[in-house]
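What follows is a single structure, written as structure tokens, with notes after it.
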Protein chains: 2
Amino acid sequence: MDRLIDAIEATQNPSVVGLDPTEALVPPQVVASFAEEVRDSVDSPDEVPAAQLAVAFYEFNRTVIDAVAGIVPAVKPQIAMYEALGPAGVDVYTMTCEYAAQQGLYVLADVKRGDIGSTAAAYARMLTGVEGHDPWNVDAVTVNPYLGTDGITPFVDAAKQADKDLFVLVRTSNPSSSELQMLDLADGTKVYEHVADLVEGWGADTIGDHGYSRVGAVVGATHPEEGKALRARMPHTFFLVPGYGAQGGTAADVRGMFDADGSGAIVNSSRGIIGAWKKNGGYKESMSADDALGLVFETSRAAAERMRDDLTAVL
Amino acid sequence: MDRLIDAIEATQNPSVVGLDPTEALVPPQVVASFAEEVRDSVDSPDEVPAAQLAVAFYEFNRTVIDAVAGIVPAVKPQIAMYEALGPAGVDVYTMTCEYAAQQGLYVLADVKRGDIGSTAAAYARMLTGVEGHDPWNVDAVTVNPYLGTDGITPFVDAAKQADKDLFVLVRTSNPSSSELQMLDLADGTKVYEHVADLVEGWGADTIGDHGYSRVGAVVGATHPEEGKALRARMPHTFFLVPGYGAQGGTAADVRGMFDADGSGAIVNSSRGIIGAWKKNGGYKESMSADDALGLVFETSRAAAERMRDDLTAVL
């Protein structure tokens, strides 16, 4: 986790931009501008819409990355948005990760993988690559704990080998997360607290120079009290905090997820940054694709600066 | 789930072949035979090993699919093995699914996705496609329940829309699965039983002609007693049963996961079928790639027939 913490210190900004493009978040003239280009690259006409969206996602992402590089330490591309488009989308996912890495950003792949040991070892090659080739270009992955230790160990081993990290779901930001995570156990704890203790243990022999292990935890901004309690319960576990902004979490809500030195967590916002162009008032349907991307650049940069300032004000 | 159950009845075989290729499971001369072919298709030489494996996986899969089509009703490609190779692997994943579908097989995509509602909706397009184009060609996906109902509903909606299915992890086959799934809850049940009740509820309004809903459950063959109890607890939930063969589960172990009519479950074997060529005694390093694939064909077909006979003997 040292590389991420160093990047946060360098930018003085514990926030990460979620690169989660959708049809609704990319200006339509940007999508339309690729109609000609993709027509020659597909095998059949019915592939055009997905291929066109994929190319538009990449152009959109590059604009956002250019806008926020130097302001934020990291980006978090959510692979679901890309997988929705099929292999063309997955290509763009890896291209996005590579471009972000080239701009000096720490790339947190939000993939929420999880499986039995032998299968987890295959997924963990997202961190280590294949025979000297690294097709994914990511610095960390998110992982689901439902399968227990043997589903996690391969990721921890890969993280050690490649100087990378993982973040395990503990208390997610969504409304239904309580159905499992908040269940009362017979021993008086709750399921998410039991998972928290496992996560702290999974990282125990990977603690870095800054006092945090390579095994982080996902703790939603929408649960401020539980986040604060988890901060005390997991002293060597760095937090990835989703749910800020569009999902309702505020700077005050996440304050307790940081340690006494103002470290220990990084807060994600996706729609609040990459969708800022829709709320700025400057957008017009008649804009050119270039002008729309220019607006995306300015508004996402301003939103990232605002989020940084909001967070640092409470730390 | 009706399409899967019809396919099981047509083949008189409640088993599914896991298409989980690895370097160790594909004959080396098959991988070597693609060295020339891929060299022109990659951007840089360090991509050759992954590209070569990807093409070899496809050739291997086609051989296994040709061998088992007509004997088994379904295949279950595990996406982790393909993602390990990067985008080239994901391409081959979708090509494998398409080829299997063309041979009349039900394709169960073992992807174990799971996320908050808006993200789950993106993942669920694996079932519905993008604007009339279906890049994934799968009939069902596996899903992780850790995020609760709002992470599942988009998959249920997509399954209804596209006449497809999902299988939610309940009690997985791996040794560490008990760390979370077997925890005692304050109300006297265990975590996996609580998840089981949620799964039965998630499927409640999608029950088909055969009495089973579109929302199946993953229940490991390595837990025969719990599987039997779950069969009674989840009367409208079809089971996907991994862990047979290489992981230790036997036909006797899975008997209790079927209903009184011998329906209600499908049992997966991966290594036991696709790796049968390694145990047959007929393999020689000096074999040609074609002869090695011929051996894969014969041994995987024989292993699939043996598994069918072992299962039907106890039902």
Side-chain angles (χ1 to χ4, degrees), chain A residues 20 22 46-50 53 78 80-81 83-88 90-91 93-94 110 112-117 119-120 122-123 125-126 130-133 135-136 144-151 169 172-181 183-187 191 194-195 198 242 247, chain B residues 20 22 46-50 53 78 80-81 83-88 90-91 93-94 112-117 119-120 122-123 125-126 130-133 135-136 144-151 169 172-181 183-188 191 194-195 198 242 247:
Chain A
D20 310 351
T22 63
D46 65 347
E47 295 176 25
V48 167
L53 273 174
Q78 166 53 259
M81 309 309 177
E83 288 188 359
L85 306 181
V90 176
D91 273 343
Y93 187 81
T94 62
D110 200 353
K112 296 191 177 65
R113 299 306 193 241
D115 214 302
I116 68 169
T119 306
Y123 277 134
R125 291 174 83 165
M126 282 189 173
V130 187
E131 300 184 34
H133 169 53
W136 290 97
N144 188 304
Y146 193 69
L147 289 96
T149 298
D150 60 31
L169 303 187
T172 59
S173 57
N174 58 314
S176 305
S177 61
S178 299
E179 289 174 5
L180 249 81
Q181 299 163 26
L183 289 176
D184 290 310
L185 294 172
D187 68 3
V191 166
H194 187 88
V195 175
L198 286 171
Q247 287 183 60
Chain B
D20 310 352
T22 63
D46 66 345
E47 295 176 26
V48 167
L53 273 174
Q78 166 55 258
M81 309 309 177
E83 289 188 358
L85 307 181
V90 177
D91 273 343
Y93 187 82
T94 60
K112 296 189 176 67
R113 300 305 194 242
D115 214 302
I116 66 169
T119 306
Y123 277 134
R125 291 173 83 165
M126 282 189 173
V130 187
E131 301 185 33
H133 169 52
W136 290 97
N144 188 304
Y146 193 68
L147 289 98
T149 299
D150 61 31
L169 304 186
T172 60
S173 57
N174 59 314
S176 304
S177 60
S178 299
E179 289 174 6
L180 249 83
Q181 298 162 26
L183 291 175
D184 289 309
L185 293 171
D187 68 2
V191 166
H194 187 89
V195 174
L198 286 171
Q247 288 183 59

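Keep in mind the model is a prediction, meaning the values are calculated, not measured. Residue numbers begin at 1 in each chain, while the letters A, B, ... track the order of the sequences.
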**Message:** Can you tell me which portion of B/Pro242 sits under 4.5 Å from chain A's heavy atoms? Options are side chain, backbone, both or neither.
**Reply:** neither

**Prompt:** Measuring from A/Asp20:CG to B/Thr119:OG1, what's the distance to the nearest 0.5 Å?
**Reply:** 6.5 Å

**Complete:** Correct closest heavy-atom pair for B/Trp136 and A/Gly86 would be NE1-CA, 3.6 Å

**Request:** Check each atom of A/Met126 against the heavy atoms of chain B and say whether the ones under 4.5 Å are side chain, backbone, both or neither.
**Result:** side chain

**Item:** Max heavy-atom pair count under 4.5 Å with chain B, selected residue of A/Leu53, A/Val130, A/Val48, A/Thr22
**Value:** A/Val130

**Complete:** Most contact-rich option vs chain A, by heavy-atom pairs under 4.5 angstrom, among B/Arg113, B/Glu47, B/Gln247, B/Gln181, is B/Arg113

**Message:** Between A/Ala88, A/Gly132, A/Gly151, A/Pro175, who has the most heavy-atom pairs with chain B when the cutoff is under 4.5 Å?
**Reply:** A/Pro175

**Prompt:** If you tally heavy-atom pairs under 4.5 Å against chain B, which of A/Arg125, A/Glu83, A/Glu131 wins?
**Reply:** A/Glu83

**Request:** For chain B, find which of A/Ser177, A/Gly114, A/Ala120, A/Pro145 contributes the most heavy-atom pairs closer than 4.5 angstrom.
**Result:** A/Pro145

**Asked** With a 4.5 angstrom heavy-atom cut-off, which part of B/Asp184 approaches chain A: side chain, backbone, both or neither?
**Response** both

**Asked** Pick from A/Pro49, A/Gly117, A/Ala186, A/Pro135: which one has the most heavy-atom pairs with chain B under 4.5 Å?
**Response** A/Ala186

**Closest non-hydrogen atom pair between A/Val195 and B/Tyr146, with its separation** = CG2-OH, 3.5 Å

**Message:** Nearest 0.5 angstrom please: A/Leu147 CG to B/Lys112 NZ, how far?
**Reply:** 7.0 Å

**Item:** Nearest non-hydrogen partners of B/Ala122 and A/Ala80, listed with the distance
**Value:** CB-O, 3.5 Å

**Request:** Mind ranking A/Asp115, A/Thr172, A/Asp150, A/Ile116 by heavy-atom pairs under 4.5 Å with chain B and telling me who comes out on top?
**Result:** A/Asp150

**Complete:** Smallest heavy-atom separation, A/Glu179 atom then B/Gly148 atom, equals OE1-CA, 3.5 Å

**Prompt:** For the atom pair CG (A/Leu180) and CG (B/Leu180), what is the distance rounded to the nearest 0.5 Å?
**Reply:** 8.5 Å

**Asked** Is there a side-chain contact between A/Leu183 and B/Leu183 (heavy atoms, below 4.5 Å)?
**Response** no

**Best-contacting candidate, B/Asp91, B/Asn144, B/Leu85, against chain A by heavy atom pairs under 4.5 angstrom** = B/Asn144

**Complete:** Output for pair (A/Tyr123 OH, B/Met81 CE), nearest 0.5 Å, gives 9.0 Å

**Heavy-atom proximity to chain B below 4.5 Å, by part of A/Thr149** = both

